[in-house]
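To find a chain, count down the sequence lines: A is the first, B the second, and so on, and within it residues start at 1.
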Amino acid sequence: MTSPTSPVRVRYAPSPTGIPHIGNIRTALFCWVLARQTNGQFIVRIEDTDRSRYDADAEKAIFESLDWLGLDWDEGPGKGGPHSPYVQSERQETYVAAAMQLVESGHAYFDDTTPEQLHALRERQRAAKQPPRYDGRGRHRSPQEIEESRQAGLPITVRLKVPDHGSVSFIDAVRGKITFELRELDDFVILKSDQMPTYHLAHILDDHAMGVTHVIRGDEWISSTPRHLLIHQALGIDPPTYVHVPLILGKDKAKLSKRHGATSALEYRDQGFLADAVFNFMCLLGWSPGDDTEIMTREQIVERFSIDRINDSPAIFDSEKLEWLNGVYIRNMDEQSLMARLLPFMERPEAEGGLSDTVERPIDRDYLMRLLPLVHERLKLLTEGTETLDFFFADNVSPAAEDLPGRKMDMEMTGRALAAAAELCRVTTPFEPEQLEAEYRALAEKIEMKPGQLFSPIRVAITGKTFAPPLFDTMAAIGQERCVARIENALKILRSSTVAPAEQ
RNA sequence: GGCCCCAUCGUCUAGUGGCCCAGGACACGGCCCUCUCAAGGCUGAAACAGGGGUUCAAAUCCCCUUGGGGCUACCA
């Protein structure tokens with residue numbers, strides 16, 4: 001099976017019953033890429049035929065996820081198109097009409113078996129160690145009997161007549177030929193008693209009406225594909241090309257679910273991942289360009305993508321690797337764009353992960369621009385802006401006394417270092433990185449300490465942390481006055497502490 | 001239980017009969033660089049699930065076993 005070169009029409013057809021997770025969105029992404037590559041159309045269609053499970057928030061999240069990842073659609077909700085509407089609940093008459101047509105042509109029939117009866121049937125089968133399946137009893141109901149049930153208010157469904165022998169096969173674009181024995185299938189429902197179609201009927205009608213050429217969907221649909229083939233036959237239409245993509249699993253190799261932590265694209269957005277990085281990463285789950293290339297722009301992916309190279313086996317979502325990739329993307333960004341991305345996270349309320357509420361909003365752009373080069377290559381997530389830059393914005397910091405001593409330093413030595421540092425800090429001019437470094441290195445020599453030893457307590461005094469951007473750039477950015485105050489403050493903290501320094 | 005799908009380092013993967021005593025990336029260990037943390041460079045450990053075939057030759061083809069997953073709804 002080769003990858004298409006002529007324009008494809010592909011669709012992403014989510015059901016608004018839950019926030020779309022990574023695996024689901026990855027399918028949308030494959031669709032989008034293929035559509036862009038072949039100059040085809042990417043269609044979005046909402047499959048909301050299950051009215052009891054409909055969730056408006058989920059529907060919102062679907063569009064938000066697509067927007068965030070930049071998966072723009074050519075036809076669909078909010079966009080329109082030649083096959084409107086793109087919401088199944090608004091296409092109900094089509095499905096009902098098709099179901100009636102199938103009944104008339106003898107491919108389907110009305111069934112008045114109640115859910116209770118169905119349940120009882122399955123219980124009996126289970127008890128007899130038989131596979132639970134519908135026994136086709138509705139096939140023998142007369143129109144009169146059905147009408148009586150209808151009058152009595154019993155639920156009526158439409159079921160497809162499945163031949164009891166023979167087999168169906170199809171060529172899956174990623175797996176090759178797959179065959180199913182028809183006797184394994186029972187007569188399944190195509191129109192529910194609320195006059196809504198099941199997925200099986202609805203998607204086929206829509207895909208056909210919308211001219212969908214390739215159905216790209218998760219692996220879990222392979223088992224119901226024979227049903228879909230049967231419906232196509234009954235309707236006298238040709239099935240599309242099926243492309244069943246492998247699932248994305250959680251760390252424990254189980255289907256992705258809530259307990260795996262972040263599972264939706266939106267959660268990754270909120271955790272500070274870049275859409276481009278997530279896009280890139282998701283493409284690599286279940287697909288590879290065939291060489292060692294991993295970092296690719298959308299354009300490169302669009303150019304290189306191929307159905308032939310979609311993997312057969314499921315992938316586990318490794319968020320550690322995503323973090324690395326996100327860091328790569330951040331490092332490749334220019335400072336202006338980085339600032340634009342960082343700002344929304346840093347300007348959130350403190351309680352939501354932003355800078356201290358005492359820091360004035362909007363944040364001083366010029367100052368932030370000056371700081372970014374110091375932390376740029378250290379960031380892996382956009383949410384880290386706050387924690388790596390907070391001390392630049394704070395009036396003062398309060399380091400823990402036990403953090404102040406550097407390697408192989410006791411309290412006395414630390415005190416001497418800080419005292420000398422404070423003194424020098426007051427007089428250094430100009431207060432610039434090169435000047436500071438030169439003078440502090442000289443100071444270290446003068447008080448007979450290794451540069452690293454002298455710098456450690458200063459760093460902690462200035463930043464409140466044991467790790468930070470390069471010290472002298474940091475000091476220069478913070479300014480002489482605040483630096484002096486912080487070193488003196490640290491000295492005070494050190495002297496008032498009675499605890500021994502922690503073993504280094 | 002039945003049916004279907006899947007199976008290369010911990011993870012993502014390259015590999016489509018000889019180029020593979022299996023390559024890359026993340027993570028992990030070591031070294032270098034170094035004012036800390038990163039970044040970067042070098043380097044190490046780490047896999048063809050098992051068993052049968054086919055073949056001069058198999059990670060690659062076939063069969064079985066095992067393991068994982070999915071489906072078996074008036075959910076999608």
Side-chain angles (χ1 to χ4, degrees), chain A residues 13-18 47-50 52-53 111 113-115 118-119 122 126 129-134 155-159 172 175 178-181 183-186 188-200 202-203 217-227 244 246-247 249 251 253-255 281 284-295 308-309 311-325 327-328 331 375-380 388 406-407 437 440-441 444 450-456 458-460 463 465-472:
Chain A
S15 139
T17 52
E47 311 226 319
D48 58 347
T49 52
D50 185 346
S52 63
R53 293 203 307 157
D111 180 35
T113 314
T114 64
L118 251 14
H119 180 75
R122 280 188 210 107
R126 215 186 319 271
K129 297 206 192 299
Q130 298 288 320
R133 61 206 299 277
Y134 176 71
I156 310 291
T157 60
V158 176
R159 286 179 186 267
D172 186 272
R175 281 155 227 281
I178 300 176
T179 302
F180 290 85
E181 294 301 323
R183 66 183 135 75
E184 302 292 341
L185 292 187
D186 56 9
F188 57 96
V189 173
I190 55 175
L191 192 72
K192 301 184 267 187
S193 60
D194 64 357
Q195 296 297 288
M196 275 298 199
T198 57
Y199 166 82
H200 306 303
H203 91 276
R217 53 162 46 160
D219 225 341
E220 75 261 35
W221 290 107
I222 292 179
S223 303
S224 34
T225 305
R227 293 199 180 90
H244 287 105
L247 263 18
L249 273 21
K251 292 156 206 70
K253 293 178 191 270
K255 208 175 173 181
F281 185 70
L284 260 15
L285 252 31
W287 174 78
S288 87
D291 56 23
D292 294 336
T293 314
E294 292 198 303
I295 296 163
D308 306 331
R309 299 202 53 84
N311 263 294
D312 290 10
S313 52
I316 292 172
F317 194 88
D318 179 8
S319 46
E320 277 190 346
K321 186 159 181 176
L322 208 211
E323 264 194 42
W324 161 77
L325 192 65
V328 171
R331 271 175 252 129
V375 299
H376 193 155
E377 69 176 19
R378 275 155 245 265
L379 296 175
K380 286 225 283 279
T388 53
R407 295 173 62 81
E437 174 149 15
Y440 275 88
R441 284 195 185 276
K450 291 186 171 174
Q453 290 184 309
L454 172 62
F455 301 168
S456 277
I458 305 176
R459 173 178 306 104
V460 177
T463 67
K465 302 174 202 289
T466 53
F467 56 91
L471 180 58
F472 304 107

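For A/F188 and B/C75, the CZ to P distance is 13 Å, given to the nearest whole Å. One can place NZ of A/K380 at 14 Å from P of B/C37, the figure rounded to the nearest angstrom. Here the C1' atom of nucleotide B/U72 and the CG atom of A/L118 are 14 Å apart, to the nearest Å. If you take CG of A/L249 and P of B/G68, they are 13 Å apart, rounded to a whole angstrom. One can place CG of A/D219 at 11 Å from P of B/A7, the figure rounded to the nearest angstrom. Across the protein-nucleic acid pair, A/K192 atom NZ and B/A73 atom P stand 15 Å apart, rounded to whole Å. Counting to the nearest Å, the C1' atom of B/A76 and the CZ atom of A/R217 are 11 Å from each other. When rounded to the nearest whole Å, the span between CD of A/E47 and P of B/C74 equals 18 Å.
B/A7 and B/U66 make up a base pair, with Watson-Crick or G-U wobble contacts both under 3.5 Å. In this structure, B/C74 makes no Watson-Crick or G-U wobble pair, since no nucleotide meets both defining distances under 3.5 angstrom. With both pairing distances under 3.5 Å, B/G18 is matched to B/C56 as a Watson-Crick or G-U wobble pair.
Between A/R331 and A/W324, the shortest heavy-atom distance links the atoms NH2-O, 4.5 Å. In plain terms, the two heavy atoms of A/A202 and A/T49 that are nearest each other are CB-CG2, 4.4 Å. Taking each heavy atom of A/R309 and A/G290 in turn, the nearest pair found is NH2-CA, 3.0 Å.
B/G52 and B/G15: their C1' atoms are spaced 24 Å apart (whole Å). Spacing between B/A22 and B/A27 at atom P, rounded to whole Å, works out to 24 Å. When the C1' atom is used for both B/C48 and B/A59, the distance is 4 Å, rounded to whole Å.
Here A/I178 lies in heavy-atom contact (under 4.0 Å) with sugar-phosphate atoms only. Residue A/P469 is classed as a base contact, given a heavy-atom separation below 4.0 Å to a base.
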Could you pull out the protein-nucleic contacts involving nucleotides 46-51 of chain B (nitrogen or oxygen on both sides, under 3.5 Å)?
none

Between the protein and nucleotides 1-3 of chain B, which nitrogen or oxygen pairs are less than 3.5 angstrom apart?
residue	atom	partner	partner atom	Å
B/G2	O2'	A/E184	OE1	3.1

Could you pull out the protein-nucleic contacts involving nucleotides 8-12 of chain B (nitrogen or oxygen on both sides, under 3.5 Å)?
residue	atom	partner	partner atom	Å
B/U11	OP1	A/K253	NZ	3.2
B/C12	OP1	A/I316	N	3.0
B/C12	O2'	A/L284	O	3.2
B/C12	O2	A/K321	NZ	3.3

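In the set B/C35, B/A73, B/G15, the nucleotide with an atom closest to the side chain of A/R309 is B/G15. Of the candidate nucleotides B/A76, B/C35, B/A14, B/A14 has the atom lying nearest to any side-chain atom of A/S288. When distances are taken from the side chain of A/R331 to each of B/A76, B/C6, B/A39, the shortest belongs to B/A39. Minimum atom distance to the side chain of A/D292 is reached by B/G23, of the listed B/A7, B/C74, B/G23.
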Next item on the list: Could you walk me through whether A/S313 and A/N311 pass side-chain hydrogen bond (donor to acceptor under 3.5 Å, both in side chains), step by step?
Entry: CA-CA 6 Å; A/S313 52; A/N311 263 294; 4.5 Å; no
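With hydrogens and angles disregarded, no donor-acceptor distance shorter than 3.5 Å links the side chain of A/R459 to the backbone of A/A468. Side-chain N or O atoms of A/T198 include one that pairs as donor or acceptor with a backbone N or O of A/V189 at under 3.5 Å. The backbone N or O of A/P451 sits nowhere less than 3.5 Å from a side-chain atom of A/R441 that would complete a donor-acceptor pair.
Classification of the A/F472-A/Y440 ring pair by plane angle, with boundaries at 30° and 60°, yields tilted.
Atom NZ of A/K465 has more than 12 heavy atoms from other residues, nucleotides or ligands within 6.0 Å.
With hydrogens and angles ignored, a donor-acceptor pair under 3.5 angstrom links the side chain of A/R378 to the base of B/C37. Looking at A/S193, its side chain comes within 3.5 Å of the base of B/C74 through a donor and an acceptor atom.
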